[in-house]
Amino acid sequence: DKVTIGVSVPAADHGWTGGVNYFAQQAIDRLKVTYPNVEFVFASAPDAPKQIADIEDMVATRGIDALVILPGDPDAMTSAIKQVKDAGKFVTVVDRQLSINGVENLYVAGDNPGLGANAAAYFKEALPEGGNIVILRGLPIPIDQQRFDGFMAGIEGTNLKVLDDEFANWNRDDGFKVMQDFLTRFPDIKGVWTQDDDISLGAIEAIKQAGRDKDMFIVGGAGMQQIIQAVADGSALTPVDVSYSPAMIATAIELTTAHLVSGVQVSGRYVLDSTLITKDNAAGFLDPASPF
Amino acid sequence: MSASAPDTAAKPARGFRIDLKTAGPLLALALLVLLGITLNENFLSYSNLTNVLARSSFIGIIAIGATFVITAGGLDLSVGSMAAVIAGVMIMVMNWLIPSFGIGWSVVLAGMASGILLGGVAGVFNGLMITRGRIEAFIVTLGTMGIFRSLVTFLANGGTLSLNFNVADVYRPVYYDGILGVPWPILVFALVAIAGEILMRRTAFGRYCAAIGSNEQVARYSSINVDNVRLLTYILQGVLVGVAVLLYVPRLGSASSTTGVLWELEAIAGVIIGGTTLKGGYGRIWGTVVGVVILGLIGNILNLQSLISPYLNGAFQGVIIILAVLLQRERRTS
Amino acid sequence: MSASAPDTAAKPARGFRIDLKTAGPLLALALLVLLGITLNENFLSYSNLTNVLARSSFIGIIAIGATFVITAGGLDLSVGSMAAVIAGVMIMVMNWLIPSFGIGWSVVLAGMASGILLGGVAGVFNGLMITRGRIEAFIVTLGTMGIFRSLVTFLANGGTLSLNFNVADVYRPVYYDGILGVPWPILVFALVAIAGEILMRRTAFGRYCAAIGSNEQVARYSSINVDNVRLLTYILQGVLVGVAVLLYVPRLGSASSTTGVLWELEAIAGVIIGGTTLKGGYGRIWGTVVGVVILGLIGNILNLQSLISPYLNGAFQGVIIILAVLLQRERRTS
Amino acid sequence: MASSVGETAPIILAASRVSKSFGEIPVLFSIDFDIRPGEVHAVIGENGAGKSTLIKILSGLEQPTSGSISFDGQTVVLPPNGAAEAMGIVLIHQEMNLAEHLTVADSIFLGRELKKFGFLDVREMRKRAAAVMETLHVHVDPDARINTLSVADKQMVEIAKAISRDARVLIMDEPTAVLSVGETQTLFEQIRRLTARGVAVIFISHKLDEIMELAQRVTVLRDGQLIATVGTEALTPDSIAQMMVGRELSNLYPPKHEPDVDAPAVLSVRNLSALGVADVSFDLRRGEILGFAGLIGSGRTAVAEAIVGLTHRSSGQITLDGKPVDFTRVSQSVDAGLAYMTKDRKGKGLLLNMGLRPNLTLLTVKKHLRAGFLDSASETRALERAVRRFDIRARDASVAVGRLSGGNQQKLMLGKTMESEPDIIIMDEPTRGIDVGTKQQIYHIIAALAAEGKSIILISSELQEVIGLSHRVVVMRNGRLAGVLEGAEITESEIMRYAAGIKQSGNDERISA
Ligand SMILES: Nc1ncnc2c1ncn2[C@@H]1O[C@H](COP(=O)(O)OP(=O)(O)OP(=O)(O)O)[C@@H](O)[C@H]1O
Ligand SMILES: Nc1ncnc2c1ncn2[C@@H]1O[C@H](COP(=O)(O)OP(=O)(O)OP(=O)(O)O)[C@@H](O)[C@H]1O
Ligand SMILES: [Mg+2]
Ligand SMILES: [Mg+2]
């Protein structure tokens, strides 16, 4: 008989969440064809209250049997998601950990501290004697903090010196501005960590404009096609990237659907590693169809 | 000799005649409800309606405060950030009091008190800068919008402030329970709306707000203390933001730098859709309630169907907002 | 003093006396520059100053349009979203024309033309809804803000629209190059500011804007076609958003749903900091330029120091904005 | 100062050696003034003489730069912002001072609302508002919003507001400027009722006959100086005028030139109906001054506004020089040589926050363009011309028009209208708030314009003015044309008969002639 699955994700307000929206809809379109008796309800929300409203509506008016959710702000969403669970729905949480354990049936996790740690490892390797680096952060929200802490822990005890960190809001324009000003301020920068490829794209333009693209390298994150292509091409400015694929949402939707339709037992945690993308393995991350 | 001709003038008092200006938003509301009913049979269900009303209550309560501010010719852009900082401080206060008070209602009540108090203080600050500092309300509250938002980011150290789970369990019923099946947020919203309506129509304060918004000089010459009345509108706004946050915290149990983003825009939109004049002089609490519910319903209706691409939600919202006001205008001129 | 004495009669205009109201924002600007110099010796460097001015130019050009809209008693909240949709469409048009036109300036020029055109059309739409539809500007542009933003998200399929790299290479110089060492964005900003200043002070249109914003009835009784003038302000705003986008696209060669977020707030803030009255009737292009540069410098200065936690950036911004206007007020009353 | 009234009642309010400057500019020099209970004390003087400033000081709205105020024999500093109302000093402002969004009842009780259990007693306030309006014979709905009222009705609301307060001193700054004879008489009845109860009334007016009728004493100001305070019994309108202006005022009205009966009709209105107007037809000939008389709200303004396209015309034809026209915008009528000067200078006539120059040229900005740009030199020349022609007095051209004295604002508005050099001018209460000296000048200007071949419609509530200037007079009543008077018929009593509906004429044959 009919099964309804709700999918709730944050609004496409920067590259990575844009990718999440894209891959979620892709997966839904694909699975709708494969499983004609499964109906999907998709919603994206710019903030926690709206996202809570979305899942309340899914339960109250759309009669969902399962919920796949990438919570924009997991702490704020925990009790609302728990209500869905308590109403007897199957709950899959993606990427971000809720603040109480055991709410979700299935957790498909990204690894935010790992993203920071991976990048840190590369910096240590690329700058063994140490050197000045700057950090362009995302928005002041927990994921950013986890990435940042992971990175700082990773470079502890080295001679890498963080000159300053500023928020660039996961946004190309802000990446451009902050990088311009860092370049004005610091005559000697060896490396830039942006933790997000959208920010990188803005920062790259600023570095090129200042003509200092020979002096430094930049490490982003999330695996945007444009950057992966540059890595594959052996760019000196972007030698590596750290994966953090928005396609994890698709994995979560697929697993949940499989469970509901064919009773495949899925539970516990699926942690999708954040891996370092280098010239050697970049080809495996290229996907011309992806908008991200 | 008798003066002006009676037949061209004096119409009898209107008594309980329906105000055409009210009919506009009500009509838009009715059309939205109709749309909801056709889209989904569960639309009118008890749980859906209480869901929508309960979650509209934060913005609703804030918008009632905004109605007074706007009627008196002011503007408060800081309410969203203020909500965030109040939520953050409430959570910190409650977490901090657990060791001394233990888990229980006393902690929650202390948290609530601190929230209301902080709201009042924030309102006093905005109001004093505007009335005594003589700075445009737009600038003051744009400034405090940034200041409050920064403060909560700072307090949360860039992350999220979360309420202790045991306290959260005590506090939760304030959002999710109610009396006679009506959730508390709806009850509080209704109470605030009724009190607001009375304050606006039946007290000197409400009348003074309209007078000041309409013509400050006239108000001043009528020996109204313009600065104090205006200050009071900002304090009222702050306190009502505090009240809204009291209901918000048990729902989310956390606060971060993204809490309450764009609430100011939504609150002002609700006020204007409800028929209050943005330039001041005329305000209608009742209309604001309708306006906020319209905004809440639009979000709900978008979730009732899968026809519109979620990317176009904003467009749908925009069109409905314009239409809601267009209906009002049409009726007004006819 | 005798009745017919000339000293009681109207004296001619005051000539070039410095306007105290202008001194306020200029003083704030000077203080910021001083702060910048003390914080970082590179602050006054050629590259830093051109960087800041060039990236302020988008908001600046938009804010000049907003000055007219606000002077005439209107408001346009849609400019940020409008910029995003124009950028998106420009990029799509250019990418789409490559097969027929080949890589080169012809594609870029066609893209530019489409951008300006689209801006004008968006302005016409806003303006007609406001003047002919008689809907509050706040509501109309809040609506179109949502509509435009949705459209660009839809066009970009939730992601980013990127300009073909080869075309981007042709187009890049429009942001990064200039003449005599002055980047194009700064030149265009300066030109638009001068033209705007002339339009505001030396043409009937500018006079009409102020008259309408000051008292619409008086304007109507003075044979001014209020609706047309107001419509023109929105069209001008749209076209100027188009011009700003022409300079924005070559910078990063992309547009997404985050392009231009909150530009409306920044533009309006620039206008008000510059001394234009939010309620209309008095506008000052020159002040707007100063206001926008102040806002640009605040961001720059924050990035040039490590004293303030980045969590508190918003607070610093808020304080400076309030202070900038406070300075203005102080001088005004003295 | 020796009182010229042999009253024994103690002085209630007095100013002693009061001076006032705005910034550097002195406007009042050491004025002495006093008033006793039950007395009507008039203040007169030219426009800008300082009358409004004096009474603002007497009611606490302005503080004197030097000198003192005493109330009930005590030297006091009056509280600012209208708080002196609590002491019984009530002011009716020259410029109407009502909040446009409020209702009539709200306005009348603003600042001293009636309450029951802490809440507004809306019903009682509405009832009392209606009662006050009734004593003034005004028929407006207490729930009507101020912005829907005509100028005259607003003035009546303002008066109602003042007399409904428990005044001991009632100060009225040109309350009758927009009132017609009927309303003025009603107002005077109320004033007499109040003075009989011992209320002291300070009364400002440029209409000297009103002063003769009402006041016991007159204080004359000229250029901020106290000229004299004298009892009215010793005065004639001519002697007052002389004291005010400082010269003899012979012939207030210029001689009427012979109307040319064969002159063609430049403006014909047929069966005009619009908001507040029903089936109005009349002709205006070249070189003619056509007076429009009627009571408040009789539709004279409504006729004018419908003709020039300010309000929507529901039916009727208008022809200009024989050609049918259909103005939907004011610019069309101005371009066709037809200009309308509003009576609502504050709401519709002038931009109060702007200087003199932009106000003067607002209607005719296009005339001051050179190569598409505003030519400020040409604007300045226009201002200099207007200042000379209409004797406009201002500190300097950049002063906000809202700070000019009422009469000077009115002169500026006249100048603004005349800037468009119209062939046909509709003047609505053109001498509202203008002193006798300037009035005489304006009358001569109007007569000269007519002599030049311009045509003028003169809407006025001052019957003397209509009678003194007009070749023919249209009397309106209830939005309809009640009669057209010509030649010897033009008398006060005839006009009043038509206006009040006592006489009705089948005048169709006359106007179609
Ligand atoms: N707030 C003000 N600032 C500057 N000048 C002022 C102000 N108010 C009045 N004045 C000036 O003071 C003078 C006296 O003005 P006032 O209004 O008292 O004249 P008035 O006798 O009432 O004239 P009218 O008959 O035209 O009403 C005028 O020259 C006027 O321009
Ligand atoms: N905006 C409006 N809405 C409703 N009624 C109006 C409006 N404007 C005017 N009226 C009505 O039209 C009629 C004519 O008013 P109008 O002011 O034209 O009279 P008037 O004879 O010119 O007045 P006055 O004697 O003061 O010059 C009045 O009954 C008035 O109430
Ligand atoms: Mg820093
Ligand atoms: Mg006066």
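Here is how names work: the chains are called A, B, and so on, in the same order as the sequence lines, proteins then strands, and each is numbered from 1.
For Tyr234(C), there are no ring pair (Phe, Tyr, Trp, His ring centres under 6.0 Å) partners at least two apart in sequence or on another chain. In this structure, the side-chain contact (heavy atoms from CB on, under 4.5 Å) partners of Ala156(B), at least two apart in sequence or on a different chain, are Leu161(B).
In this structure, CD1 on Ile273(C) lies 5.0 Å from CD1 on Ile139(B), to the nearest 0.5 angstrom. To the nearest 0.5 Å, atom NZ of residue Lys279(C) and atom CG of residue Leu75(B) are 8.5 Å apart. Between the CG atom of Leu77(B) and the CG atom of Leu265(C) there is a distance of 6.5 Å, given to the nearest 0.5 Å. Note: Leu312(C) CG to Ile147(B) CD1 = 10.5 Å, rounded to the nearest 0.5 Å. For the atom pair Ile135(B) CD1 and Ile321(C) CD1, the distance stands at 11.5 Å (nearest 0.5 Å). Separation of atoms CZ (Arg134(B)) and CG (Leu326(C)) is listed at 12.0 Å; rounding is to 0.5 Å.
Checking side-chain atoms of Thr153(B) against main-chain N and O of Tyr311(C) turns up no donor-acceptor pair under 3.5 Å.
The two residues Glu136(C) and Thr277(B) come nearest to each other via the heavy atoms OE2-CA, 3.9 Å.
The contact between Ile268(C) and chain B is made by backbone and side chain atoms together, counting heavy-atom distances below 4.5 Å. Of the atoms belonging to Asn313(B), it is backbone heavy atoms, and not side-chain ones, that fall under 4.5 Å from chain C.
Chain B forms more heavy-atom pairs under 4.5 Å with one residue of Ala315(C), Gly318(C), Gly143(C) than with any other, namely Ala315(C).
For the pair Ile322(B)/Met129(C), a side-chain contact is recorded, criterion being any heavy-atom separation below 4.5 Å from C-beta on.
Other residues, nucleotides and ligands contribute over 12 non-hydrogen atoms within 6.0 Å of the CZ atom of Phe138(C).
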